[in-house]
Trainee: 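Sending over a structure as structure tokens; questions will come in a sec.
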Amino acid sequence: MITFTAEGRLDGDSARVTIKDTELKIGLMGSDDPTPEEVLLGAALSCMILTIYYISREMGVQVKNVEGYIEGTLDPKGFQGDPNIPPGLLQVKYDLTIDSDDERMDEVMKLSMRRCPLKDTLMRRVDVDVSWKIRKT
């Protein structure tokens, strides 16, 4: 098992999140900072690109380049409290372009679709545990 971690704190109307030695400033919709949803989509796209790279290397398939675009659709009414609409992303679409002359690239892509960790995470239920404590100030 591998455990990944991040730490964060409120900073005005943004969140500052530290992952390893990198700090990200994440904001609400409408701010100049990327939103949590955009950061999630960026992570999901990079995971897919790196999975394609990893599996092609594993199979000895030469890939010259991988480019991608990802979009996620969210109905803000869910976040705003409408009980009939989920507050999170409703749909995620990837659009990938791979430069390769190798005939095994379709096999690489099928394996990548099956093995990409964040695509898998987006598609299935994940056990999430949230705990909190309230400090008196």
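Numbers here simply count residues along the sequence, with the first being 1.
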Trainee: Are Val128 and Trp132 joined in one hydrophobic group, where the rule is that I, L, V, M, F, W and Y side chains link up if heavy atoms are under 4.5 Å apart?
Mentor: yes
Trainee: Ignoring hydrogens, what is the shortest heavy-atom contact between Pro117 and Thr51? Give both atom names and the distance.
Mentor: CD-OG1, 3.7 Å
Trainee: Main chain of Met113, side chain of Lys119: is a donor-acceptor contact present, judged purely on distance under 3.5 Å?
Mentor: yes
Trainee: Side chains of Leu40 and Leu122: does their closest heavy-atom pair fall under 4.5 Å?
Mentor: yes
Trainee: Could you tell me whether the side chain of Ser100 and the main chain of Gln62 form a donor-acceptor pair under 3.5 Å?
Mentor: yes
Trainee: Can you establish whether the number of heavy atoms outside Tyr54 located under 6.0 Å from its atom OH is more than 12?
Mentor: no
Trainee: Would a single hydrophobic cluster contain both Ile26 and Leu45, if residues Ile, Leu, Val, Met, Phe, Trp and Tyr are joined by side-chain heavy-atom contacts under 4.5 Å?
Mentor: no
Trainee: Is Glu7 salt-bridged to Lys20, cutoff N-O under 4.0 Å?
Mentor: no
Trainee: Is the side chain of Arg16 donor-acceptor paired with the backbone N or O of Leu24 at a distance under 3.5 Å, no angle test?
Mentor: no
Trainee: Under 6.0 Å from the CG atom of Asp32, do we count more than 12 heavy atoms belonging to anything else shown?
Mentor: no
Trainee: Can any side-chain N or O of Glu38 pair as donor or acceptor with the backbone N or O of Thr35 at less than 3.5 Å?
Mentor: yes
Trainee: Heavy atoms, side chains only, cut-off 4.5 Å: are Leu74 and Leu90 in contact?
Mentor: no
Trainee: What is the distance from atom CG of Asp102 to atom OG of Ser56, rounded to the nearest 0.5 Å?
Mentor: 9.0 Å
Trainee: CG/Asp106 to OG/Ser112 distance, rounded to the nearest 0.5 angstrom?
Mentor: 11.0 Å
Trainee: Pair Glu71, Asp95 - check side-chain contact (heavy atoms from CB on, under 4.5 Å), show working.
Mentor: CA-CA 9 Å; Glu71 66 181 42; Asp95 185 12; over 6 Å; no
Trainee: To the nearest 0.5 Å, tell me how far Met59 CE sits from Leu111 CG.
Mentor: 6.0 Å
Trainee: What I'd like to find out is whether the side chain of Leu89 reaches to under 4.5 Å of the side chain of Glu37, using heavy atoms alone.
Mentor: yes
Trainee: Do Ile52 and Met109 make a side-chain contact, defined as non-hydrogen atoms from C-beta onward lying under 4.5 Å apart?
Mentor: yes
Trainee: Could you see if Val17 belongs to whatever hydrophobic cluster contains Met29? Use Ile, Leu, Val, Met, Phe, Trp, Tyr and a side-chain cutoff under 4.5 Å.
Mentor: no
Trainee: Quick one: do Val61 and Leu50 end up in the same hydrophobic cluster if we chain Ile, Leu, Val, Met, Phe, Trp and Tyr together by side-chain heavy atoms under 4.5 Å apart?
Mentor: no
Trainee: Kindly give the heavy-atom pair with the smallest separation between Asp33 and Ser14, and that separation in Å.
Mentor: OD2-OG, 3.2 Å
Trainee: What distance separates Ile55 CD1 from Arg114 CZ, expressed to the nearest 0.5 Å?
Mentor: 8.0 Å
Trainee: Do you reckon Ile134 sits in the same ILVMFWY cluster as Val130, going by side-chain contacts under 4.5 Å, direct or chained?
Mentor: yes
Trainee: Show the nearest heavy-atom pair for residues Ile70 and Ala44, with the distance to one decimal.
Mentor: CD1-CB, 3.9 Å
Trainee: Check whether any side-chain heavy atom of Val66 sits under 4.5 Å from a side-chain heavy atom of Ile98, and report yes or no.
Mentor: yes
Trainee: Are the side chains of Val63 and Met105 in contact, using a 4.5 Å heavy-atom criterion?
Mentor: yes
Trainee: Of the non-hydrogen atoms in Ile49 and Gly68, which two are nearest, and what is the gap between them?
Mentor: CD1-N, 4.3 Å
Trainee: Between Cys47 and Cys116, which heavy-atom pair has the shortest distance, and what is it?
Mentor: SG-SG, 3.5 Å
Trainee: Considering only NZ, NE, NH1 and NH2 on the basic side and carboxylate oxygens on the acidic side, decide whether Asp120 and Arg124 come within less than 4.0 Å.
Mentor: yes
Trainee: What I want to find out is whether Glu58 reaches Arg115 closely enough, with some N-O distance under 4.0 Å, to be called a salt bridge.
Mentor: yes
Trainee: Do Leu96 and Met48 touch side chain to side chain, with heavy atoms closer than 4.5 Å?
Mentor: yes
Trainee: With a 4.5 Å limit on heavy-atom distance, are the side chains of Glu67 and Asn65 in contact?
Mentor: yes
Trainee: Check Lys64 with Asp101, please: is the shortest side-chain N to carboxylate O separation under 4.0 Å?
Mentor: yes
Trainee: Can you measure from OH (Tyr53) to OG (Ser46) and round to the nearest 0.5 angstrom?
Mentor: 14.5 Å
Trainee: Once rounded to the nearest 0.5 Å, what's the spacing between atom OH of Tyr69 and atom CG of Leu41?
Mentor: 9.5 Å
